[in-house]
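Nothing here was measured: the structure is a model prediction, and the numbers come from that model.
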Amino acid sequence: MSEITITLPDDSKIQVPQGTTPLQVAEGIGARLAKAAVAAKIDGVLTDLHEPLERDVSLTLLTFDDDEGKHVYWHSAAHIMADAVQRVFPHAKLTIGPAIEEGFYYDFHMDRPFTDDDIAKIEQQMAEIIAADEPFTCKELSAAEAVEFWKSRDNEYKVELTTDIVATETGHQPPRGHDAIQQFMDSHSSDYTQVEVSHYSHGQFTDLCRGPHLPSTGRIGAFKLTSVAGAYWRGTELNPMLQRIYGVAFPDRKALAGYLERMEEARRRDHRILGRDLDLFGFFEEAGAGLPYYHPRGAMLRHLVTDFAVREHLKRGYQLIRTPHLIKSEVWHTSGHAQQAYPMYYTEIDGHSYGIKPMNCPGHLLIYGSRTRSYRDLPMRYFELGTVYRHERSGVLHGLLRVRGFTQDDAHIFCTPEQLQDEIISVIEFASYMLSVFGFNEYRTYLSTRPEKSVGSDEQWERATQALVDAMDAHDIEFEVDEGGGAFYGPKIDIKVKDAIGRLWQCATIQCDFTQPERFDITYVGEDGQEHRPVMIHRVVLAGIERFLGIVIENYAGAFPVWLAPVQVMVLPITERHHDYAAQVVEKLLAEGFRAEADTAASTLGARIRHAEMQKYPYMLVVGDREQEQGQVAVRHRDEGDLGPQPLDEFILRLREEDRPGA
RNA sequence: GCCCACGUAGCUCAGUCGGCAGAGCGUGUCCUUGGUAAGGACAAGGUCACCGGUUCGAUUCCGGUCGUGGGCUCCA
């Protein structure tokens, strides 16, 4: 038998007999790797561990620690779950069941939703399937055989998926709808005998699947089904509602426990709960969904954030402007919002239709166009804390993270095409600075391209997209591409930040727009004395202030740094006879520009300390006889505990040091 | 908007197989005058989300509305 050469990721090479499997290679390297391996990459292609190696290849063994390894792991868990569901509900039809960012789901066509009891039964079946350690096997069927197989099981979903594969492989548009699919099958029957589709099986269970999968079901160490939900077939409301089960799986119980702890931690940080407990904001059922009300402490937090944002914009050459909330609908036609059926609110005044602004750009364009602009004026950077209203569908509202009325730190930069790249870069740097001040230091950058519903010419879109790519390339910024994720008027760069527990949130977005300047016919006079069309950049850094506050609340778990704390200092007089001194301390702190209050409740000191700790005030100042006599305060820090007495002036110096953005 | 679940005191939740509702925490008052995460007593507080229906009687059953949660989809 001939030998082949395997190149491993560290560039080392080993000789093995032809037909050796990746699993056998792993066993040769070490028993532990063989146990941990979940799949392989052969010359960059994801494959099963028992796929024989027939020629010289490069081989990477994937474990659960690799993202792709996790996906294989979870996908196999989804198959096991689907098997379990069919054991409990033989009539449940399989549809799709992919791995997702954290875990997996599987959608089933069912005559009723799953109950908690059902889930318990399904989990039990899964445990049995895992204990049986059934091997996953792969079999190539012709599409014709696959259709026959799934038709015999009365599963029209798999027939549709098979047809999708045939259509895609043969360069056709996948047909939609029962009749179109039948017609496609009739007219392309020869393709169905040519195209092969893989099916994976374990035990008695078989599913249409690209793979790869784990070697066997016993590889799943620990799992949990986390939730059930309705979901439409292919995500479209017109299609039947399927029943979805979500789950997670890990190599061992400890990892699962870690995951559950993270979920618990996320619940503990939930901004909706903290918003109520810390008395920051709330909603009124009678006043409208998705419309937040800021209580004094929440409004202070908001003020601190926006005040900081305004100052930073002014430092960078932005000019403050302000535009009305109501704008005649004609303008929304000019901008294209009306034609795009953008979800906005309209009202009528004196027989004229007005739209409540869902975006600030048209107002900014009007101001730009209000007089002749010279190339010497550019770039012009208009900034507005612009409050907008959007008709978000009721089902998507979520605390402060998804609301119907919100304020953006919105700016529009008008510049020449030559200035575009520098402006984009400076916005990226600005955003990076701003987010770091709020404790976000990890980002991911995305480029979103032209969506289906859009305005403008192909050429404009190409130029705009290229400008964004060039700017990022010139500064070695790595980015991922989100095809079709752009705004209707232009492509965009999105920056997503990672919070304290690893979740990603979209904040800054930079949108390049060649179409609105044309629609509003704005110009500048160039060096040549001719009129030229400026380029416009839409950009937000914190994005929606509401959403940003929600993220900030969760990132700090409500324990804000001194510069963001709505109440920085709570003064705690020991007895009633210290109330006057406590008031003096508060007065002094307020006069120095700090945010302080005194807790003069009749409860014991211990109880008031407990209360202050739970409210997460950064500092508590205990004042009794000793402090009063010597003009001191006994300092207690939220996290560090009792720091002992010190003169009030000394404490003020400490506080001033910490009362700086980003400190 | 759609699917599922839910809505009882400010909060967390009991409870009512249809007969005018309870606890803990919180709040108020009084007692205690306290030294770094819960002192004690008493009290107030609910048309059981709202509207309609069935019923002798509805917080409980039915329908609708509003709101919330988890998803689908969309987005800051």
Between the base of B:rU68 and the side chain of A:Arg272, is there a donor-acceptor distance below 3.5 Å?
no
So A:Glu613, base contact, sugar-phosphate only, or nothing? Heavy-atom distance under 4.0 Å.
base
Distance to the ring centre below 6.0 angstrom and angle to the axis at most 45 degrees; does that hold for A:Lys496 and A:Tyr446?
yes
A:Tyr106-A:Phe108 aromatic ring centre distance below 6.0 Å
yes
Passes side chain to side chain donor-acceptor pair (under 3.5 Å), A:Glu384 versus A:Thr323? Steps please.
CA-CA 8 Å; A:Glu384 173 178 18; A:Thr323 63; 2.9 Å; yes
On the side chain of A:Glu285, is there an atom forming a donor-acceptor pair with the base of B:rG7 - under 3.5 Å, no angle test?
yes
Presence of donor-acceptor pair under 3.5 Å, side chain of A:Arg390 and base of B:rC74
no
Across the strands shown, which category fits A:Arg402 at heavy-atom distances under 4.0 angstrom: base, sugar-phosphate, nothing?
base
With a 3.5 Å cut-off and heavy atoms only, can you find an N or O donor on one side and an acceptor on the other between the side chain of A:Arg276 and the base of B:rC11?
no
Under 4.0 Å, counting only non-hydrogen atoms across every strand here, what does A:Gln615 touch: a base, just sugar-phosphate, or nothing?
nothing
Check this for me: does the side-chain of A:Gln243 come within 3.5 Å of the base of B:rG71 through a donor and an acceptor?
no
A:Tyr246 versus A:Arg244, side-chain donor and acceptor atoms under 3.5 Å:
yes
Under 3.5 Å donor-acceptor pair, A:Arg539 side-chain atoms to B:rA76 base atoms
no
Using the P atoms only, state how far B:rU47 lies from B:rG22, rounded to an integer number of Å.
15 Å
State which of B:rA76, B:rG1, B:rG35 makes the closest approach to the side chain of A:Asp625.
B:rG35
Would you mind pulling out the nucleotide paired to B:rC61, Watson-Crick or G-U wobble, both distances under 3.5 Å?
B:rG53
Going by modelled atom types, is there a donor-acceptor pair between the base of B:rC72 and the side chain of A:Arg244 at under 3.5 Å?
no
Could you check whether A:Val622 gets within reach of a base, just the sugar-phosphate, or nothing at all, counting any heavy atom under 4.0 Å?
base
Could you check whether A:Lys496 gets within reach of a base, just the sugar-phosphate, or nothing at all, counting any heavy atom under 4.0 Å?
nothing
Taken to the nearest whole Å, CD/A:Glu576 to P/B:rU29 is 11 Å
Tell me the partner of B:rC74, counting only Watson-Crick (N1-N3 plus N6-O4 or O6-N4) or G-U wobble (N1-O2 and O6-N3) with both under 3.5 Å; none if nothing fits.
none
Nearest-nucleotide pick for A:Ser394, side chain only, options being B:rA76, B:rA37, B:rG1
B:rG1
What's A:Gly606 touching, base or sugar-phosphate or nothing? Going by heavy atoms closer than 4.0 Å.
sugar-phosphate
Choosing from B:rG67, B:rG70, B:rG39, which nucleotide comes nearest the side chain of A:His398?
B:rG70
Is it the case that B:rC2 (base atoms only) and A:Tyr232 (side chain only) share a donor and an acceptor within less than 3.5 Å, ignoring hydrogens and angles?
yes
